[in-house]
Amino acid sequence: MFSEPSRTDIHKLFDRIACRYDIFNRISSFGMDTFWRRRLAKSLRGGKGLNILDAATGTGDLLLSLFDLGCDISSAVGIDTSGKMLTIAARKTARRNLAGKITLKQADAVDLPFTDSQFGAVTCAFGVRNFTDSAEGLKQMHRVLKPAGKLLILEFSIPSNRVIKMFYLVYLRFIIPVLGKIITGDFNAYRYLSKTIQTFPSGEDFCRQMQKAGFADVREIPMTFGVVTLYSGVKS
């Protein structure tokens with residue numbers, strides 16, 4: 001197993017791969033990344049007039065999915081440390097005529113520039129494992145949620161089935177970095193991202209982190225043979 005990779009200057013890594021980030025995600029996930037985001041979005045469809053924070057929003061795909069699935073959103077904020085990722089997100093929201101409802105801000109999830117109890121829901125897709133301090137990031141997301149507000153996190157995980165796990169690890173360790181080089185020209189970025197998946201405390205370990213941060217009713221839903229997990233929790 002790999003040692004924990006450093007998150008120092010992680011925004012620079014994402015700046016390097018921003019322009020090809022979306023196409024890599026579609027190809028490397030065989031299009032399943034769209035399904036995973038839509039699955040998260042469905043968990044918010046019962047809310048009314050939601051004010052949402054999307055942490056590590058990247059190019060804005062999750063926020064757009066929330067609107068596509070008809071979530072009742074009054075306003076949304078997407079934050080990320082990568083300026084170039086946010087530039088692409090801004091273009092996409094403008095093309096969808098959503099610039100009036102979505103605000104994009106360069107900020108770090110471990111030091112959220114928002115007041116306590118500001119948002120009705122907080123979301124994060126494939127970003128928590130890149131936080132410089134995931135425990136602090138969870139505490140910050142808990143802080144800015146309103147009482148009874150919901151946290152929804154999508155993150156990669158390691159399958160429990162031994163056979164699937166074996167093939168998945170081969171894919172992560174050897175195919176993903178090479179595919180990253182072909183599509184984005186950056187082998188090292190995707191070698192790093194592969195390592196973060198393998199060292200991330202997924203499943204019950206991450207659920208315990210959420211509970212320690214103050215979340216109640218914490219649940220995990222494995223998807224696609226366990227390669228991705230949807231976590232949810234409520235601010236009590």
Listed pairs under 3.5 Å, donor-acceptor, residues 99-113 side chains, sequence neighbours left out:
| unit_1 | atom_1 | unit_2 | atom_2 | d |
| --- | --- | --- | --- | --- |
| K101 | NZ | I73 | O | 3.3 |
| Q106 | NE2 | T81 | O | 2.8 |
| D108 | OD1 | V110 | N | 3.1 |

- Item | ILVMFWY network linking M32 to I176, side-chain heavy atoms under 4.5 angstrom | yes

When every non-hydrogen atom of G127 is compared with those of A56, the smallest separation belongs to CA-CB, 3.9 Å

Smallest heavy-atom separation, I17 atom then T184 atom, equals CG2-OG1, 4.1 Å

In terms of heavy-atom contacts, M141 and A55 come closest through SD-CB, 4.2 Å

May I ask you to decide if I164's main-chain N or O and N161's side chain share a donor-acceptor pair within less than 3.5 Å? yes

- [ ] Examine distances only and state if a side-chain atom of Q209 and a backbone atom of D205 form a donor-acceptor pair shorter than 3.5 Å.
- [x] no

Determine yes or no for a side-chain-to-main-chain donor-acceptor pair under 3.5 angstrom, with S134 supplying the side chain and F131 the backbone. no

All heavy atoms of K146 vs all of Q118, minimum pair found to be CE-O, 3.5 Å

Tightest non-hydrogen contact, residues R45 and L69, listed as CD-O, 3.2 Å

ring-ring contact (aromatic ring centres under 6.0 Å, His included) test vs Y190 passes for just one of F24, F174, Y21, namely F24

Margin query: Run D186 and R20 through side chain to side chain contact (heavy atoms under 4.5 Å, CB included) and show every step you take.
Written below: CA-CA 10 Å; D186 199 321; R20 305 288 289 174; over 6 Å; no

Test side-chain hydrogen bond (donor to acceptor under 3.5 Å, both in side chains), reference S82, set D15, T57, T59, output is D15

Correct closest heavy-atom pair for R7 and N130 would be CG-O, 3.3 Å

Step-by-step side chain to side chain contact (heavy atoms under 4.5 Å, CB included) determination, I52 to T123: CA-CA 8 Å; I52 290 177; T123 61; 4.2 Å; yes

Across all chains, not counting sequence neighbours, the side chain to side chain contact (heavy atoms under 4.5 Å, CB included) partners of T34 are R26, R38

Anything under 3.5 Å between a donor and an acceptor, one on a side chain of residues 224-235, the other on a protein residue two or more places apart or in another chain? List them.
| unit_1 | atom_1 | unit_2 | atom_2 | d |
| --- | --- | --- | --- | --- |
| T224 | OG1 | W36 | NE1 | 2.8 |
| T229 | OG1 | S157 | OG | 2.8 |
| Y231 | OH | G203 | N | 2.7 |
| K235 | NZ | H142 | O | 3.1 |
| K235 | NZ | R143 | O | 3.3 |
| K235 | NZ | L145 | O | 2.6 |

